[in-house]
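Any value given below was found using the heavy atoms of this structure, including those in side chains, with hydrogens, waters and symmetry copies removed.
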Amino acid sequence: MPQDACSDCVYRGCSLRAARVALIEVSGELVGVGWGKRTSRTIPWTTFDFAESICLKRIKSIHLEFVECNTPDRYQLEEPEDITQAWTEFGQDVYNLMNQIFTFKFIHEDEMQHIYARAKHVVESSEEYDRQEMYDGTHNVWVLKPVANCSGHGIRLYRQLEDIKRAVGPLKNLTYARYVLQKYIEKPLLIHGVKFDLRVWYVITNIDKFKIWVYHEGYVRFCSKPHSNILLDEMRHLTNVRIQKQYRNIRDPPQLPAELMWDFKQLRDYFTKNLNLPRRWDMIMRAMEESIVTIMRCAQSVNYIDLRKNSFQLFGADFLIHENYQPCLIEVNNGPGLSPTTSIIAKKTTELLTDIIKVIAAERNPLSSFQPSVDTGKFNLVYCKELGLSQATDKEKLMQTMKTTQVDLVEWKKAVKPKRIHRTMSDKRKAV
C-alpha cells in the first residue's frame with residue numbers, strides 16, 4: 001500500500017471511531033443529556049455535522065439503501081483541501097468532548113430535538129449494521145504494537161491521533177511496516193473488575209490434509225489493576241506475564257490470584273459458580289474453535305502456511321472475551337513461548353508437549369484421528385481439509401462422513417511393514 005494511502009487509512013480509521021463517539025455524546029447515551037453550555041470553551045456544531053457525515057458515509061459503504069435514500073444532500077461529506085489537517089482538528093475536538101474539557105455551544109430546545117433525532121438515527125443504524133461497532137466503545141482508544149515483537153515489548157495505548165503520529169514517526173519515510181495499529185476493545189468482560197485474556201494452543205498437522213487440533217486446556221492472564229479506559233497504563237491493559245509479574249505484590253483487588261493467572265478449569269468454575277452460566281464456557285470454546293478454523297483456512301488460501309510434509313506446527317492464539325461473552329481473536333503467535341514463568345504454565349506446557357506426542361503418533365495411523373478410542377490427550381480435531389468439513393461447525397456431518405470413509409483397520413495393519421530396530425541373533429550370524 002502506498003505510504004500516502006496508508007497515512008490516509010490511519011486518519012480515517014481513527015476519525016471514524018471518533019465520529020461515533022461524538023454522536024453518542026450528543027444522543028445522551030454516554031453522559032446523559034449534555035446539550036451544550038453557556039461557556040467560552042465550546043466546540044462548534046460543525047464538528048457534529050462532520051461526525052454525522054463521516055458515519056453516514058461509512059454506513060453507505062456497506063450498502064444500506066434505506067439510509068442512502070433518505071440522506072439529505074446537505075449532510076454529504078465534502079473533502080476539504082487539507083484532509084490530514086481537517087481530520088486531525090476533528091480528532092482533537094472529539095478528545096476535548098470525551099474528557100469534558102470543552103462542550104458544544106448552547107442551543108435552544110427546538111434545535112436540540114432536531115439534532116438529537118439525527119444523532120440517534122445514525123448511532124442506531126451503525127450499531128445495527130456495522131460489525132465492528134461492538135469494538136468501538138466510547139473513548140476512541142487505540143493500541144499500537146511494534147511488528148515482530150513479543151511479551152508486550154513496545155505496546156502503547158493512545159486516544160489522540162496526534163500522539164499516534166508522534167509515536168509512529170513520519171509515515172512517508174517508512175520502507176516497511178514497523179507497527180500494527182488496532183482498535184482497542186474497550187468493553188472486555190471483567191473478573192473482579194480486572195481485564196483478562198486467554199491463551200489457546202492448537203497444532204496443524206498433515207499439511208496435505210490440513211488438520212487443525214485445538215487444545216482444550218490453556219491459561220488465563222490477568223492484569224494487576226482495575227480496568228479503565230481513561231487511565232491507559234500497562235498495569236490495567238497489558239496482560240503479558242513479563243509485564244504483570246512486576247506488579248503481583250501490589251495487585252488490586254487482593255482476590256486476584258497470586259501469580260495473576262488461572263487455568264481453564266478455574267475459569268469454567270468461575271462461570272458456573274459466580275455467573276451461574278455453566279454452559280457459557282462451552283459456547284465460548286466452540287466460538288474460539290470457529291475463529292481458529294476461519295483464520296487458518298484464510299492463511300492457507302493465500303499460501304501463508306508453508307509446512308513441510310511429515311511435520312507439524314504449534315500455534316498460540318490470544319483471545320479477549322467481550323462483555324457480551326463473545327470471544328475476540330487478538331493475535332496468533334506462530335512460535336508461542338513455553339517457558340515455565342508461572343506454576344500454571346509449567347504444569348500446562350508439560351501436559352501440552354505430552355499430548356502433542358500423542359497427536360503425532362495418531363497421525364501415523366490414517367484413521368486413528370477419527371477413532372474415539374484413540375488417545376490424543378486434550379487435543380480435539382476441529383478441522384480436516386480432506387473431508388472438507390469443520391468439526392467446530394459441522395460435527396454431525398463430519399461424524400457421518402467418517403463412518404462412510406472408514407476401511408478395515410486389520411487390512412491396513414497388514415499392509416504396513418514394521419521396521420525392526422534391533423538386530424536379532426540370527427541376523428548377526430548371517431552378517432558374520
Would you call [X] and [Y] a salt bridge, using N to O less than 4.0 angstrom?
X: K245; Y: E259; value: no
X: D49; Y: R118; value: yes
X: R221; Y: D197; value: yes
X: D233; Y: R236; value: yes
X: E217; Y: R268; value: yes

Notebook entry, point to check: With a 6.0 Å cut-off on ring centres, are Y325 and W281 close enough?
Noted result: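 Ring-ring flag for Y325/W281: false, centres at least 6.0 Å apart.
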
Next item on the list: Tell me whether the centres of the aromatic rings in Y270 and W262 are closer together than 6.0 Å.
Entry: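 Yes, the ring centres sit under 6.0 Å apart.
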
Note to self: Do R280 and F271 form a cation-pi contact, if we require the NZ or CZ to be under 6.0 Å from the six-membered ring centre and within 45 degrees of the ring's axis?
What the structure shows: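 Not satisfied by the 6.0 Å and 45° rule.
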
Note to self: Can you confirm whether L314 is buried at CG, in the sense that more than 12 heavy atoms of other residues, nucleotides or ligands lie under 6.0 Å from that atom?
What the structure shows: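 Counting neighbours around CG of L314, more than 12 heavy atoms of other residues, nucleotides or ligands fall under 6.0 Å, so yes.
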
Notebook entry, point to check: Checking side chain to side chain donor-acceptor pair (under 3.5 Å) against D269, which of K265, K273, Q266 comes through?
Noted result: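 With D269 as partner, K265, K273, Q266 yield a single side chain to side chain donor-acceptor pair (under 3.5 Å), made by K265.
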
Next item on the list: Determine, stepwise, if the pair W213 / N380 fulfils side-chain contact (heavy atoms from CB on, under 4.5 Å).
Entry: CA-CA 5 Å; W213 302 77; N380 184 31; over 6 Å; no

Notebook entry, point to check: Checking side-chain contact (heavy atoms from CB on, under 4.5 Å) for the pair D263/Y219: CA distance, chi angles, key distance, verdict?
Noted result: CA-CA 4 Å; D263 59 23; Y219 55 85; 5.5 Å; no

Item checked: I115 vs W45 side-chain heavy atoms within contact, under 4.5 Å ->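 When only atoms from C-beta onward are counted, W45 and I115 do touch, with a gap below 4.5 Å.
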
Item checked: side chain to side chain contact (heavy atoms under 4.5 Å, CB included), paired with R159, selected from I164, V141, N229 ->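 Testing R159 for a side chain to side chain contact (heavy atoms under 4.5 Å, CB included) against I164, V141, N229 leaves exactly one candidate, V141.
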
At what distance, to the nearest 0.5 angstrom, does [atom1] of [X] lie from [atom2] of [Y]?
X: T272; Y: R279; atom1: OG1; atom2: CZ; answer: 12.0 Å
X: I212; Y: M296; atom1: CD1; atom2: CE; answer: 6.0 Å
X: L232; Y: H237; atom1: CG; atom2: NE2; answer: 5.0 Å

